[in-house]
Protein chains: 2
Amino acid sequence: MRLTRSGDYAVRCLLYLALDPGRGVVARKEIAEVMNIPAQYLGKVAQTLAKAGLIGIRQGARGGYELARTAGEISLLQVVEAVDGEIFLNDCLHQLDICERRPVCAVHRVWGRARKQLRDMLGGISLAALVEEESRTAGKVCGECPATRGQTLEGKGE
Amino acid sequence: MRLTRSGDYAVRCLLYLALDPGRGVVARKEIAEVMNIPAQYLGKVAQTLAKAGLIGIRQGARGGYELARTAGEISLLQVVEAVDGEIFLNDCLHQLDICERRPVCAVHRVWGRARKQLRDMLGGISLAALVEEESRTAGKVCGECPATRGQTLEGKGE
DNA sequence: ACATATCGGACACGATTTGTCCTATATCGG
DNA sequence: CCGATATAGGACAAATCGTGTCCGATATGT
């Protein structure tokens, strides 16, 4: 599993929508500009997000996107998996025909455990939590990543 | 991050070598056949593993591969990262130019945490542990996944 | 020397990712 | 109802990546 650019865009887009909940429909163009996403491409991503029930789309003049649920009800996992597909670290866990010994294979059990751990973590984090944490620390939401310049530092994990 | 086929091959190969430690050099051809890996391709993977210091390679007649350390000293993480590169779930954490706000970005912190959790888990599992667990449950090592036909067991799902 | 076996570069091929372009369609405002 | 606006959705393009093969060069054991 790798968070693709599409997945990144999806997170940015939803995070932006989660910023002020009462706002209603937001134009794709605005989201694209602020969040530094190719507008057309965002259209594709948005369609996927809509199919997954994460956003609502209004067409036509004054159209755009809005959250289909509250920011507290949308987890990072849902966003990522909606766009990038279900998370499988290992193809063996995914394509049944690749491996016949799944049930008794220690390696598979390890990957299965790792997968569950990862999905649990991402599933436990809502957009609301992200927005809140962000506002506590920096006052700005990420997703702006490439947009906001000037704060370079060396990052690690944790 | 996704465990590629190369990564899978690497795990199979090392697991096979870990099976009986006293054996010395094992021919690539043998490994490839038993573990169902394209022999030439295994050559490429093996070179990478050698560079990472995980296996030793003997060229020439009666050449082949052997573990460079004991099976207890090689973790799954080392194997995977040697072949597939260091695990980064998110490009943002990886390519510095993509995102300037890493240190203060909540999303990045989440991915960073997830990454650490995953690497810690994989880092805590040695080849020896895998071999041992495997022999306890089924008596055969995985990696043979596609190789061992007719042994398809169901149930016992974790 | 000869047979054996890996090295390592070149190349092929398909899948995936990341976009763009264009036409159709839906919606709002007057 | 008309026209401006904005997204839908299919086609297409380019780049990258993963997987694998082929082949001459090189190293090693007998």
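The sequence lines fix the lettering, A, B, ..., with proteins before strands; numbering per chain opens at 1.
- Following rounding to the nearest Å, A:Y41 (OH) and C:dC21 (P) show an atom-to-atom distance of 15 Å.
- Spacing between atom CG of A:L42 and atom P of C:dT20 amounts to 12 Å, rounded to whole angstrom units.
- The neighbour count for A:R62 CZ, taken as heavy atoms of other residues, nucleotides or ligands under 6.0 Å away, does not exceed 12.
- Distance from the side chain of B:P38 is smallest for D:dT21 among the nucleotides C:dC7, D:dT21, C:dG19.
- Comparing A:R62 and A:Q40 by the nucleotide of DNA chain C whose heavy atom lies nearest to each, the residue mapping closer to the 5' end is A:Q40.
- Of the candidates D:dT19, C:dT25, C:dC7, the closest approach to any side-chain atom of B:R28 belongs to C:dC7.
- Nearer to the 5' terminus of DNA chain C, by closest-nucleotide assignment, is the contact made by B:A50 (compared with the other of B:A50 and A:G7).
- Electrostatic pairing of B:E81 and B:R119 counts as a salt bridge here, judged by a charged N lying under 4.0 Å from a carboxylate O.
- The listed nucleotides are D:dT19, C:dA3, D:dA4; the one nearest the side chain of B:A61 is C:dA3.
- In this structure, the CG atom of B:D8 is 9 Å from the P atom of D:dT19, given to the nearest Å.
- Listed nucleotides: C:dC7, C:dT18, D:dG9. Nearest to the side chain of B:Q47: C:dC7.
- Between A:T4 and the phosphate of C:dT16, there is no side-chain N or O to OP1/OP2 separation shorter than 4.0 Å.
- Following rounding to the nearest Å, B:K29 (NZ) and C:dA3 (C1') show an atom-to-atom distance of 13 Å.
- For the pair A:R58 and A:Y65, the cation-pi criterion (under 6.0 Å, within 45° of the ring axis) is not fulfilled.
- Contact between the side-chain N/O atoms of A:S6 and the OP1/OP2 oxygens of C:dT17 is not found at any separation under 4.0 Å.
- A straight line from CD of B:E66 to C1' of C:dA5 spans 15 Å, rounded to a whole angstrom.
- Distance A:Q59 CD to C:dT23 P: 18 Å, rounded to the nearest Å.
- The base of D:dG18 has none of its N or O atoms less than 3.5 Å from a complementary donor or acceptor on the side chain of B:K44.
- In terms of phosphate contacts, B:Y9 brings a side-chain nitrogen or oxygen within less than 4.0 Å of OP1 or OP2 of D:dG20.
- Rounding to whole angstrom units, CG of residue B:D84 and C1' of D:dT19 are separated by 12 Å.
- With a cut-off of 3.5 Å on both pairing distances, the Watson-Crick or G-U wobble partner of C:dA24 is D:dT7.
- Distance CD1 (B:I57) to C1' (C:dC7): 8 Å, rounded to an integer number of Å.
- The pair A:R28-A:E33 fails the salt-bridge criterion, with no side-chain N (NZ, NE, NH1 or NH2) lying under 4.0 Å from an Asp/Glu carboxylate O.
- Nearest heavy atoms, B:A32 versus B:L42: N-CD2, 4.0 Å.
- As judged by a 4.0 angstrom heavy-atom cut-off over every strand, B:A27 is placed among residues touching the sugar-phosphate backbone only.
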